[in-house]
Structure formats: structure tokens, C-alpha cells
Number of protein chains: 2
Amino acid sequence: MVDILHKVGIKAPLNEVYKALTTREGLAGWWTTDTQGDGAVGGVLRFRFHSNGVEVGGFDMQVLALQPGSQVLWEAIDGPAEWIGTRISWELKQDGEYVVVLFKHQGWQEPVEFMHHCSTKWAIFLMSLKSLLETGKGAPSPDDVKIDNWN
Amino acid sequence: MVDILHKVGIKAPLNEVYKALTTREGLAGWWTTDTQGDGAVGGVLRFRFHSNGVEVGGFDMQVLALQPGSQVLWEAIDGPAEWIGTRISWELKQDGEYVVVLFKHQGWQEPVEFMHHCSTKWAIFLMSLKSLLETGKGAPSPDDVKIDNWN
């Protein structure tokens with residue numbers, strides 16, 4: 001099994017970064033504007049993506065664990081076959097003026113082309129998270145930065 | 001051992017993408033302006049990075065293999081300890097109007113924090129490569145997009 005790893009450092013208060021990962025409004029500000037559901041432990045967050053106004057897919061994430069200010073853990077329970085059962089882990093820590101976010105998308109079965117795409121796309125969305133918190137404006141889908149023929 | 005994977009799609013001629021990965025001038029246009037050395041098979045490319053005008057480190061890459069228009073393979077022979085002996089692989093293929101670049105940085109011993117940083121940073125530089133080829137302007141170091149407390 002193979003993992004996607006990323007790191008960003010964000011100049012913003014720790015509790016604001018945590019809120020952007022755990023509330024519907026926060027998540028909608030950097031990942032996808034169509035974010036619904038329940039961000040509490042055991043709840044399910046529903047992320048949907050649109051292209052030219054048409055829904056083109058998405059992910060359902062069950063919230064497995066929350067440690068305020070330090071950890072968020074999701075499991076993908078619906079979405080593309082390659083994602084089902086994978087886990088997305090967010091670790092937060094203060095380092096000087098930065099909140100460091102260590103991101104892991106763990107448990108991919110195979111390093112398929114879709115995994116390459118998702119790895120780059122996660123980096124783009126982490127930079128959108130950073131931008132949301134540092135400037136007040138993220139770039140969530142459908143206005144996300146496009147990287148390739150799969151968008 | 002763990003790998004960094006990425007994908008971008010670039011709307012540019014295949015031979016231009018290949019040149020941006022195999023010539024000193026091309027590499028200096030998206031990764032670091034201080035690129036020296038020999039891009040032929042067996043040659044060594046020397047990439048150096050600067051902050052406030054001071055050299056802060058870099059990488060020496062031996063070119064292991066070249067397949068014009070389809071593959072570039074480097075091995076890191078000098079640089080940070082975590083990089084020595086790792087391999088950077090670039091696969092190119094045409095897919096409709098895009099040149100798809102599949103990137104792999106393979107052979108990390110451990111998924112350390114530095115690997116998280118490098119994974120995100122590679123995504124940033126791949127987007128710089130895409131920008132160079134699509135707009136004529138990349139964002140190589142020292143004018144690269146900063147991601148965290150390690151830059």
C-alpha cells in the first residue's frame with residue numbers, strides 16, 4: 001500500500017486552521033463549495049464536485065477521530081473505487097509563526113495514474129487552504145486550479 | 001521504501017516538454033535559475049537554490065536514462081542525505097491536446113516530514129513547468145511559490 005504525503009505551513013491561528021478542516025463552512029472555502037454533512041466524530045461529510053454546473057462525482061468521508069488543534073482523521077466510505085477504505089489524516093502543530101499541516105492520504109492499493117493525479121491535486125487544495133486562511137480567499141472547486149486532462 | 005507521485009497535463013508540443021526536462025535552459029526556467037551541468041546520459045546536472053542571494057543547498061542529479069519524448073530518469077548523487085540514491089523519473093505521453101507528465105521520486109527510506117515537504121514542493125514545481133510551457137513564464141527558485149516554514 002502506498003500513501004500520498006504533503007506539508008504546508010500556514011500563518012494563521014491554530015484554531016482557525018482546525019476550523020477550516022472540521023466545519024462545513026471551512027471545508028467549503030478551500031476544497032469544494034458543495035460540502036454537506038456532519039463534521040463530528042462518527043458523522044459523514046459529503047463533498048461533491050461540479051463541472052459546467054453538472055455534478056461529476058465526489059467523496060463521502062466518515063470522521064473517525066478529532067483532536068482539537070492537533071488531529072483530524074477521515075475514512076473514505078463512498079467515491080471512486082480507489083478511494084474506498086483509504087484514510088485521510090491531518091496533523092497540526094505550531095512551529096514559530098506557522099501552523100504546520102502534515103497531510104497523509106493512506107492506504108492506496110496501487111500507484112495508479114489516478115493516484116499521481118490525486119497527489120498533485122491535494123497539493124493544489126492544500127495551497128487553497130493556506131490561501132483561505134492567510135488571505136481570506138481560497139480556490140475551492142469549481143474554481144480550483146486545473147492541473148491536467150482530468151482537471 | 002516510499003515514493004512521491006505526481007501528474008500534470010501540459011498543452012504544449014511533446015518535444016518542448018522533453019526539452020524543458022533535459023536542457024540546462026529548460027530546467028532553469030521552472031526549477032531553479034542556478035542550473036548547471038550536462039544533461040546527456042551519464043552527465044550530472046547541478047541544481048542550486050538561493051535565499052536572499054545566499055546559496056542554501058541543492059542537488060546533483062546523474063542522468064541515468066533518456067528516451068526522447070517519453071522518459072527521463074535521474075539519480076540523486078549529492079544533496080540532502082534523504083535524497084542520495086533516490087531516483088526521479090519522468091514519463092511523458094500524448095493524451096489528446098495534453099502532454100501528460102507522470103512524475104515519480106522513488107526510494108525514500110522513511111516518510112519523514114521532509115518527504116511531506118518535498119512532495120508538496122514537487123507539485124509546485126510541476127505547476128511551474130506547466131506554466132513555463134503554456135505561458136512562456138515559469139516560477140523557478142528563487143521566485144518559487146513558498147509553501148511552509150522550510151520555504
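In what follows, chains are A, B, ... by sequence order, proteins preceding strands, each numbered from 1.
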I'd like to know if the side chain of S119(A) reaches the main chain of L5(B), judged simply by a donor and an acceptor atom lying under 3.5 Å from each other, with no hydrogens or angles considered.
yes
For chain A, find its close neighbours in residues 37-54 of chain B: heavy-atom separation under 4.5 Å, sorted by number, or none.
none
Are M127(A) and I124(B) close enough that some pair of their side-chain heavy atoms sits under 4.5 Å apart?
yes
Any residues in residues 144-151 of chain A near chain B, with a heavy-atom distance under 4.5 Å, and which are they?
V145(A), K146(A), I147(A), D148(A), N149(A), W150(A)
Name, in order of residue number, those residues of residues 90-103 of chain A that have a heavy atom at a distance of less than 4.5 Å from a heavy atom in chain B; otherwise write 'none'.
K93(A), D95(A), Y98(A), V100(A), L102(A), F103(A)
Are V8(B) and L14(B) co-members of a hydrophobic cluster defined by side-chain heavy atoms under 4.5 Å apart?
yes
Which members of residues 55-83 of chain A, sorted by number, sit under 4.5 angstrom from chain B on a heavy-atom basis?
none
Between H116(B) and K104(A), is any pair of side-chain heavy atoms under 4.5 Å apart?
yes
Does any heavy atom of chain A fall under 4.5 Å from the side chain of I4(B), the backbone, both, or neither of them?
neither
Quick check: does any side chain N or O of T120(B) sit under 3.5 Å from a backbone N or O of H6(A), one acting as donor and the other as acceptor?
no
